[in-house]
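Comments concern the structure below.
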Amino acid sequence: LEMAIKLYPNSSDAWTFLGQIYFTTQQNEEYYNCFLKAYEFEPTSGVIQYNLGLALFRLGKDIDAKKFFKSALLCDDINSVPMNLAAIYIQLNQKSEAIEQFFRELEIKPKNDKAIFEIGKIY
């Protein structure tokens with residue numbers, strides 16, 4: 001993949017694939033940097049915005065992560081980010097916003113036991 005980056009340095013796909021490797025090896029700073037580079041070339045991608053949010057969340061930058069998760073929700077190429085956005089709202093002690101996202105998740109996946117459990121913990 002590093003060779004792909006050298007051959008195609010302006011390819012969001014190359015940066016995304018390399019970022020996924022860093023994600024799985026929990027190299028969070030590198031994961032973030034790869035998706036930030038991918039974002040430069042494809043800023044309307046919900047998948048890239050979602051991964052930026054997740055990387056920032058892993059790096060403890062909750063406010064910045066929330067911005068990317070919220071932006072990813074508006075994109076057509078992403079399935080579901082409400083669970084992660086809810087986790088950020090909980091970290092920020094914004095429980096009503098977290099509950100709203102858990103219910104949004106249940107609209108997408110009605111049998112998501114984790115979302116149901118998290119709603120119960122808040123109440």
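Since this is a predicted model, take the numbers as computed values, not measurements.
Evaluation of the side-chain contact (heavy atoms from CB on, under 4.5 Å) rule for Phe117 yields Lys121 as partners, not counting sequence neighbours.
When Asp13, Asn10, Ile48, Thr16 are each tested for a side chain to side chain contact (heavy atoms under 4.5 Å, CB included) with Phe41, only one passes: Asn10.
In plain terms, the two heavy atoms of Cys34 and Gly19 that are nearest each other are CB-CA, 3.5 Å. When all heavy atoms are compared, the tightest approach of Arg58 to Phe23 is NH2-CE1, 3.0 Å. Shown here for Ala72 and Tyr50, the closest heavy-atom pair between the two residues is CB-N, 3.8 Å. Between Ile122 and Ala98 the shortest heavy-atom distance is CD1-CB, 4.1 Å. For Ala14 against Ser11, the heavy-atom pair with the smallest separation is N-OG, 3.1 Å. For Leu36 against Leu52, the heavy-atom pair with the smallest separation is N-CD2, 3.5 Å.
Under the 4.5 Å side-chain criterion, counting only non-hydrogen atoms from C-beta, Leu106 is in contact with Ile119. Using a 4.5 Å heavy-atom cutoff, the side chains of Ile88 and Gln101 are not in contact. The side-chain heavy atoms of Leu56 and Phe35, taken from C-beta on, include no pair separated by under 4.5 Å. You'll find the side chain of Lys66 reaches within 4.5 Å of the side chain of Gln94, heavy atoms only. With a 4.5 Å cut-off on side-chain heavy atoms, Tyr22 and Glu29 do not count as touching. In this structure, Tyr32 and Lys61 have side chains that are not in contact, with every pair of non-hydrogen atoms separated by 4.5 Å or more. Side-chain contact between Phe69 and Gln49 is absent, with no heavy-atom pair separated by less than 4.5 Å.
With respect to the salt-bridge test (charged N to carboxylate O, under 4.0 angstrom), the residues Arg104 and Glu100 do not qualify.
Distance check: Leu18 CG to Tyr31 OH gives 12.5 Å after rounding to the nearest 0.5 Å. In this structure, CZ in Phe68 is found 5.0 Å from OH in Tyr39, a value given to the nearest 0.5 Å. In this structure, the separation between NZ on Lys111 and CG on Asp113 is 9.5 Å, given to the nearest 0.5 Å. Summarising the geometry, atom CG belonging to Asn33 is positioned 8.5 Å from atom CH2 belonging to Trp15; distances are rounded to the nearest 0.5 Å. Taking CG from Asn93 and NZ from Lys95, the interatomic distance works out to 5.0 Å, rounded to the nearest 0.5 Å.
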(Q) What verdict does the side-chain contact (heavy atoms from CB on, under 4.5 Å) test give for Ile21 and Glu30, after you've listed the backbone C-alpha separation in whole Å, the side-chain angles of each residue and the deciding distance to 0.1 Å? (A) CA-CA 9 Å; Ile21 290 174; Glu30 292 85 353; over 6 Å; no
